[in-house]
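All remarks here apply to the structure that follows.
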Amino acid sequence: MKYDEKVSEPLTPHGGKSFGGATGSAGRQAETAKKVRTRFAPSPTGYQHVGGIRTALFDWLLARQNKGKFVLRFEDTDKKREVAGADKHLIKTLRELGLEYDEGPDIGGPFAPYRQSERLKSYQEWGQKLIQMSRAYADPYTPDEVQTFREQAKAGKVPFLFRNHRPKNPPQWEPGRPLRFKSEPKAYKWKDEVMGQMHAGPEAIDDFILIKSDGYPTYNFAHIVDDAEMEISHIIRGQEFLASVPNYLNLYETLGLKPPILATVPHILGPDGNKKLSKRDGAKDVLDYIRDGFLPDALINFIASLGWNDGTEQEVFSRADLIKKFRLGDVGHSGAKFDEKRLLWLNGHYIRQQSPESLFEISENFWPKSAAGAKEAYKKSVLGLVQERLKFLAELPELTSFFFSEPGIKTVRSLFNEPVDKQLQKIEASEYPGLLQATLTELKASDFSEEDIGRRLNGLLESLPSKPGILFAAVRIAVTGSQSSPQLFGTLQVLGKQKVLARIKQAIEAL
RNA sequence: GGCCCCUUCGUCUAGCGGUUAGGAUAUCUGGUUCUCAUCCAGAAGAUCGCGGGUUCGAAUCCCGCAGGGGUCACCA
């Protein structure tokens, strides 16, 4: 019976399932997976940066594209590195990004539990199976002894292979001792959906640890057992695992398991140098981007385009587009540098595409404190003015605070007294009050529609010696306390007659 | 050191034997008779890592080399 034909019987190392021996070439892949089941399997040791999320995204895309299932599994087998709360944080990250999973630790599923620490029985059983087959043995050495072997290898400039020290008569396996795989070194050829045809010689294969002395399995063992039991069809992972694939193939073969389709994605590189993006070098938590007001769709689009491209000149991909067009084979083979500037552009693009309604919704938590009591209609008008200049939503306070609180009189005064504004520099400081006074008089008679404000200010220019740039700069500073703002007439209209007149008056007095 | 992967404008990339090596972003310039932003137009920017082949013709195929990266854990 072939692995992918199994219908209902649970896969276990014994009973109900025959292992029919090795499949010959363990590298043979399932050409057509009947059911696509992908998994994202992080260890809860912290947050995820764009590199980790990218594999999750590819997994998710593949599952959605094929109407399959996307599974979340926690690989919490290293108790020393585990970080409390990291699991919830990861779940939140996936949720916020809209990468919903169909089975997972918190929502369960047909192959529960989805936490490796709760699946120890499975690993024990599969380990026993290997022992019975004489394909696993207890490691008799102390960590120090193994370390010595390792150092000898290093000194001799040869790769360290534990199997060179394989004991002739290993002791009985018992708790407290590591269990090692007894490998059968040989050459492998296999296909990687991203990297293409791969090969490795027997030197790549070693007796790796299956179960650690603390009773927890290693990643190398646990992921193979779990992927088989959970009927995972595709494994997408970073290139740090590429060198281990021959070991995995050897184990799959020994267990009579057909390997899932393998896909290796290159690392995402940090902005400087060519090093793999890492938390150590300040790689940001993807959830922090969400908190800064980067839109999930923009992040998804951006992360997908890091290394993936459909061969066209399209740059902006909706989620539906990605689901339709994503192909593992179109993922590049080289690492891509993470350039935040590009993300900034893309996010701005997505913000500009928002309808007024949806922009209002997603902006909800980003307003300045002073906007707390403001009316919805007013906020929407403000958004209409700043939409095209927002790069991410956390910029909202600095762009809009003057709509909700008075600009500091000190700021206004210094902008007039030491004008950095090129237009203002063209006239004498003594002329400012006159300009503002004339504006005040003119606007008092306005109905404060955008059109009327425009008409009146432009009319004012005809009776004044001032150039448009100078008058408008003066009014802008007086009213907003800043030398740049959204377009002036609209800004004045939204602010309203009362506030505008009061601020101009105040500015005149301050001069 | 062994094994493996990678190498096109600053950055993300298209390209799969014949192209003025294309797009996007970033940068700069001009325009949209108010700033900033947006938008539009334009400029600059890649001797396709290097050296050999194969070919009438190579970024594209082959072989070397160099540089970068990964791995050789009781981490994943």
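Residue numbering restarts at 1 for every chain, and letters A, B, ... go by the order of the sequence lines.
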Please work out if A/Gln387 contacts a base, only the sugar-phosphate, or nothing of the nucleic acid, heavy-atom cut-off 4.0 Å. nothing

Paired with B/A43: which nucleotide, if any, by Watson-Crick or G-U wobble criteria at under 3.5 Å for both distances? B/U27

Report which part of the nucleic acid A/Leu306 touches: base, sugar-phosphate, or nothing (heavy-atom distance under 4.0 Å, all strands). sugar-phosphate

With rounding to the closest Å, how many angstrom separate the C1' atoms on B/G69 and B/U19? 32 Å

Could you tell me the separation between the OH atom of A/Tyr219 and the C1' atom of B/A76, rounded to a whole number of Å? 7 Å

For a quick check of understanding: with a heavy-atom distance under 4.0 Å over all strands, which category does A/Pro486 fall into, base, sugar-phosphate or nothing? base

Is a donor-acceptor pair below 3.5 Å formed from side chain A/Arg342 to base B/A24, judging by atom type as modelled? yes

Is A/Lys157 close enough to B/G2 that one of its side-chain N or O atoms is under 4.0 Å from OP1 or OP2 there? no

For A/Gly156, which contact category applies under a 4.0 Å heavy-atom criterion: base, sugar-phosphate, or nothing? nothing

What is the nucleic acid contact for A/Arg180, judged by heavy atoms within less than 4.0 Å: base, sugar-phosphate only, or nothing? sugar-phosphate

At less than 4.0 Å, is any side-chain N or O atom of A/Lys275 found next to OP1 or OP2 of B/G69? Yes or no. yes

A/Ser485 near the nucleic acid: base, sugar-phosphate alone, or nothing, with a heavy-atom cut-off under 4.0 Å? base

For B/A76, does OP1 or OP2 lie under 4.0 Å from any side-chain N or O of A/Thr77? yes

Roughly how far apart, to the nearest Å, are B/G10 and B/G31 at atom C1'? 27 Å

Could you check, using the six-membered ring where one of them is a Trp, whether A/Phe241 and A/Tyr219 have ring centers closer than 6.0 angstrom? yes

Below 6.0 angstrom between ring centroids: does that apply to A/Phe221 and A/Trp126? no

Between A/Asn458 and A/Leu242, which residue's closest nucleotide on RNA chain B lies nearer the 5′ terminus? A/Leu242

Is the shortest side-chain N/O distance from A/His333 to OP1 or OP2 of B/C6 below 4.0 Å? yes

Could you work out the separation of B/A41 and B/U55 based on their C1' atoms and round it to a whole Å? 43 Å

Please give, in whole Å, the distance from B/C74 P to A/Arg81 CZ? 14 Å

Between A/Lys79 and B/C74, is there a side-chain N or O to OP1/OP2 distance below 4.0 Å? no

Spacing between A/Tyr123 atom OH and B/A76 atom P, to the nearest angstrom: 11 Å

Inter-nucleotide C1' distance (B/G30, B/U11), Å rounded: 25 Å

Sticking with atom P, work out how far B/U47 lies from B/G51, rounded to a whole angstrom. 12 Å

Over how many whole Å does the gap from A/Asn301 atom CG to B/C12 atom P extend? 17 Å

Determine the contact category for A/Glu75: base if any of its heavy atoms lies under 4.0 Å from a base atom, sugar-phosphate if only primed atoms, P, OP1 or OP2 are that close, otherwise nothing. sugar-phosphate

Just to be sure I understand the rule, does A/Phe241 reach a base, reach only the sugar-phosphate, or reach nothing, if contact means heavy atoms closer than 4.0 Å? base

Is A/Ala204 touching bases, backbone alone, or none of the nucleic acid, heavy atoms closer than 4.0 Å? nothing

Using the C1' atom as the reference point in each nucleotide, state the distance between B/U13 and B/C65 in Å, no decimals. 27 Å

Figure out the CG/C1' separation between A/Leu346 and B/U13, and round it to whole Å. 14 Å

Of A/Asp339 and A/Gly176, the one whose closest RNA chain B nucleotide lies more 5': A/Asp339

With heavy-atom distances below 4.5 Å as the criterion, would you say the side chains of A/Phe58 and A/Thr55 are in contact? no

Is A/Lys154 salt-bridged to A/Glu151, cutoff N-O under 4.0 Å? no

With sugar-phosphate meaning primed atoms plus P, OP1 and OP2, does A/Gln483 contact a base, only sugar-phosphate, or nothing at under 4.0 Å between heavy atoms? base

Tell me what A/Glu240 touches on the nucleic acid: a base, only sugar-phosphate, or nothing, going by heavy atoms under 4.0 Å. base

Rounded to whole angstrom, note down the P distance from B/G68 over to B/U8. 15 Å

Examine A/Phe149 together with A/Tyr141 and report whether their ring centres are nearer than 6.0 Å. yes

How are the rings of A/Phe181 and A/Phe208 set to each other: parallel, tilted or perpendicular (split at 30° and 60°)? tilted

Rounded to the nearest Å, what distance is computed from the CG atom of residue A/Asn347 to the P atom of nucleotide B/C12? 20 Å

Does the gap between the ring centers of A/Phe338 and A/His49 come in under 6.0 Å? no

Residue that, paired with A/Ile236, satisfies side chain to side chain contact (heavy atoms under 4.5 Å, CB included) out of A/Leu61, A/Leu328, A/Leu262, A/Val331: A/Leu328

Taking atom types as they are modelled, would you say the side chain of A/Ser334 forms a donor-acceptor pair with the base of B/C6 within the 3.5 Å cutoff? no

Of all the nucleotides listed (B/C72, B/C5, B/U25), which has the minimum atom distance to the side chain of A/His199? B/C5

Starting at NZ of A/Lys80 and ending at C1' of B/A76, how long is that distance when rounded to a whole Å? 12 Å

Touch class at under 4.0 angstrom, heavy-atom based, for A/Arg237 against every strand present: nothing

Using the C1' atom on both, measure B/A44 against B/C5 and round to a whole Å. 35 Å

Could you check whether A/His223 gets within reach of a base, just the sugar-phosphate, or nothing at all, counting any heavy atom under 4.0 Å? nothing

